[in-house]
2 protein chains.
Amino acid sequence: MQKDEIIAIISDSVLLQGLPSEECKAFVEAGQMRCVAENCYLFHQEDPADACYFVLAGKVRLTQLTPGGKQVLVDIISPKRYFGLFASLASMTYLVSAETIEESYIYWWDAESVRELMLRFPQMALNSMTLIVRRFARLQDRVQKLATERVEQRVAHALLDVSRFVGKEIENGTMIDMALSHRDLAEMAGTNIYSISRVLHKWEDDDIVTIGRQRILLCDPDHLRILAEGG
Amino acid sequence: MQKDEIIAIISDSVLLQGLPSEECKAFVEAGQMRCVAENCYLFHQEDPADACYFVLAGKVRLTQLTPGGKQVLVDIISPKRYFGLFASLASMTYLVSAETIEESYIYWWDAESVRELMLRFPQMALNSMTLIVRRFARLQDRVQKLATERVEQRVAHALLDVSRFVGKEIENGTMIDMALSHRDLAEMAGTNIYSISRVLHKWEDDDIVTIGRQRILLCDPDHLRILAEGG
DNA sequence: ATGCCAATTTGCAGTAGCGCAAAGACAGTT
DNA sequence: AACTGTCTTTGCGCTACTGCAAATTGGCAT
């Protein structure tokens with residue numbers, strides 16, 4: 001990938017909206033690119049946040065370890081998105097672990113440098129505020145769901161969340177083509193594998209989903225959305 | 001309240017840590033004070049965020065309404081804390097509604113002014129980043145609790161959370177001296193008023209708490225902590 | 001094929017917690 | 001003191017959900 005191209009891509013990212021091009025250039029030049037093989041960890045939850053990252057190509061999985069010792073999927077970062085940014089800015093530890101799903105081209109900055117740049121270019125700080133508030137809103141949404149919704153609704157939401165990250169639209173629905181065990185779903189929805197099994201089975205009878213090996217087909221995502229909203 | 005006093009209090013707040021006193025003064029002077037009667041809404045969820053607030057005295061309840069019409073109590077803001085700050089910085093809509101619990105002295109700023117000040121004093125931007133990331137981590141913690149804990153544990157956590165901010169240590173325990181209805185506790189712990197009533201009654205029998213009018217005495221906070229951890 | 005391990009399914013019994021209804025307590029108002 | 005509205009308590013039936021046990025399936029290595 002050419003340097004000019006990289007500058008163009010990163011300058012166009014949410015974090016640099018509204019910044020003059022010299023500042024964008026300075027920001028990009030403070031970082032560097034790295035090619036990472038698949039299934040490699042870039043950082044682990046609880047590590048001190050010493051770098052922040054931007055995906056040029058590839059995909060990165062963000063997971064969180066629950067007290068029960070299970071890894072739950074928090075987000076999948078596709079090209080043109082940042083990760084590890086907030087923890088770096090706040091000089092904290094990472095809240096999640098990050099692992100490549102496929103070979104990826106990652107651009108990265110030293111946390112200290114990013115903080116300095118942010119002091120020099122405060123518009124960046126406001127932009128990152130927008131980013132983090134959006135993430136915050138999503139998390140608060142999750143609290144709400146856990147506190148007020150029933151198991152079936154929560155499972156529906158969990159499936160829709162995953163499909164947002166990795167779902168592919170095909171002619172007869174949305175395909176989730178990844179290893180997603182009942183245990184994973186149970187962790188996400190705050191329930192247990194038995195309830196997951198029962199709910200999925202019921203949905204298969206109603207032709208809402210089809211369970212295959214290593215993949216789930218949402219035949220009727222709209223029906224699922226209705227279930228998620230409590231209809 | 002004297003102006004000097006207000007400047008001293010706000011300068012000492014988390015948001016202004018590390019800023020020179022002239023900048024603190026400029027920040028305070030961009031805002032203004034307002035006395036708000038009890039049970040008054042300062043803003044509503046989904047409204048465009050046009051102001052941010054700081055509690056000088058009193059208490060404010062932040063709640064979120066679900067599509068299904070259920071309320072979740074997100075936080076209780078006690079003196080020396082900000083609210084509505086993140087939504088203002090990100091130029092979004094408020095994520096919650098804010099209502100005074102008792103007569104309160106509120107200092108407030110126009111969202112636009114705060115954004116301008118933040119561009120002038122970038123250290124503020126980094127500070128607010130630290131604030132929001134910390135809130136984020138706490139919220140993530142809450143997700144875990146809601147997903148895995150039982151009602152009694154969740155209520156224990158809710159009470160301990162409140163006491164952390166508004167509790168006063170006295171000779172025979174920790175006093176929570178505020179109007180905290182069963183409804184509030186229910187909305188915090190993700191349950192209903194009946195269960196709250198039963199749990200509190202049980203705890204009173206076990207001499208863990210004493211319920212008085214407009215106040216709750218935690219006679220045995222350690223016992224409560226054990227209950228919260230699932231002992 | 002065969003056997004092995006892990007994931008999934010299903011019956012079933014137990015329980016936590018929900019939420020209605022109705023009674024009771026309490027504060028504020030007239 | 002009587003009235004009013006709000007908050008709290010408590011009995012009770014009921015549902016959703018849990019979690020064990022045991023059966024079943026499916027992938028994978030030999």
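In what follows, chains carry the letters A, B, and so on, assigned in the order in which the sequence lines appear, proteins first and then strands, with residues in each chain numbered from 1. These values consider heavy atoms only, across backbone and side chains, with no hydrogens, waters or symmetry-generated copies.
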For a quick test of your reading: what N or O donor-acceptor pairs under 3.5 Å do the side chains of residues 28-55 of chain B make, sequence neighbours left out?
from    : atom 1 : to      : atom 2 : distance (Å)
B:Gln45 : OE1    : B:Leu65 : N      : 2.8
B:Gln45 : NE2    : B:Leu65 : O      : 3.4
B:Asp47 : OD2    : B:His44 : N      : 3.3

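For A:Arg142, there are no side-chain hydrogen bond (donor to acceptor under 3.5 Å, both in side chains) partners two or more places apart in sequence or in a different chain.
A heavy atom closer than 4.0 Å to some atom of DNA chain D occurs in no member of residues 150-159 of chain B. The stretch residues 210-220 of chain B comes close to DNA chain C through B:Arg213, each having a heavy atom under 4.0 Å from the strand.
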Expected string for nucleotides 2-8 of chain C under the B/S/- scheme (protein heavy atoms, under 4.0 Å, primed atoms plus P, OP1, OP2 as sugar-phosphate) is ------S
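To the nearest 0.5 Å, atom NZ of residue B:Lys80 and atom CG of residue B:Leu15 are 15.5 Å apart. Summarising the geometry, atom CD1 belonging to A:Ile208 is positioned 10.5 Å from atom CG belonging to A:Leu200; distances are rounded to the nearest 0.5 Å. Put simply, CD1 on B:Ile196 and NE2 on B:His182 are 7.5 Å apart, with the number rounded to the nearest 0.5 Å. Put simply, OG on B:Ser13 and CD1 on B:Ile10 are 7.0 Å apart, with the number rounded to the nearest 0.5 Å.
With a cutoff of under 4.0 Å to any heavy atom of chain B, the contacted region of DNA chain D is bounded 5' to 3' by D:dT8 to D:dC12.
A straight line from CG of A:Asp205 to C1' of C:dT10 spans 13 Å, rounded to a whole angstrom. Here C:dT9 presents its P atom at 11 Å from CG of A:Leu185, a figure rounded to the nearest Å. Here C:dA16 presents its C1' atom at 14 Å from CG of A:Asn192, a figure rounded to the nearest Å.
Using modelled atom types, one finds a donor on one side chain and an acceptor on the other under 3.5 Å when comparing B:Ser91 with B:Arg115. Side-chain contact of B:Gln64 with B:Gln71: a donor-acceptor pair under 3.5 Å is absent, judged by distance alone.
Looking at B:Arg61, its side chain never comes within 3.5 Å of a backbone N or O of B:Glu99 through a donor-acceptor pair.
Atom OH of A:Tyr105 is surrounded by 12 or fewer heavy atoms from other residues, nucleotides or ligands within 6.0 Å.
Residue whose closest nucleotide on DNA chain D sits further toward the 5' end, between A:Arg198 and B:Ile196: B:Ile196.
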B:Asn127 and B:Thr130: CA distance, side-chain angles, deciding distance, side-chain hydrogen bond (donor to acceptor under 3.5 Å, both in side chains) verdict: CA-CA 5 Å; B:Asn127 287 348; B:Thr130 307; 5.2 Å; no
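The two residues A:Leu62 and A:Phe83 have their closest heavy-atom pair at CD2-CD1, 4.2 Å.
Looking only at side-chain heavy atoms (C-beta outward), B:Leu227 and B:Glu152 come within less than 4.5 Å of each other.
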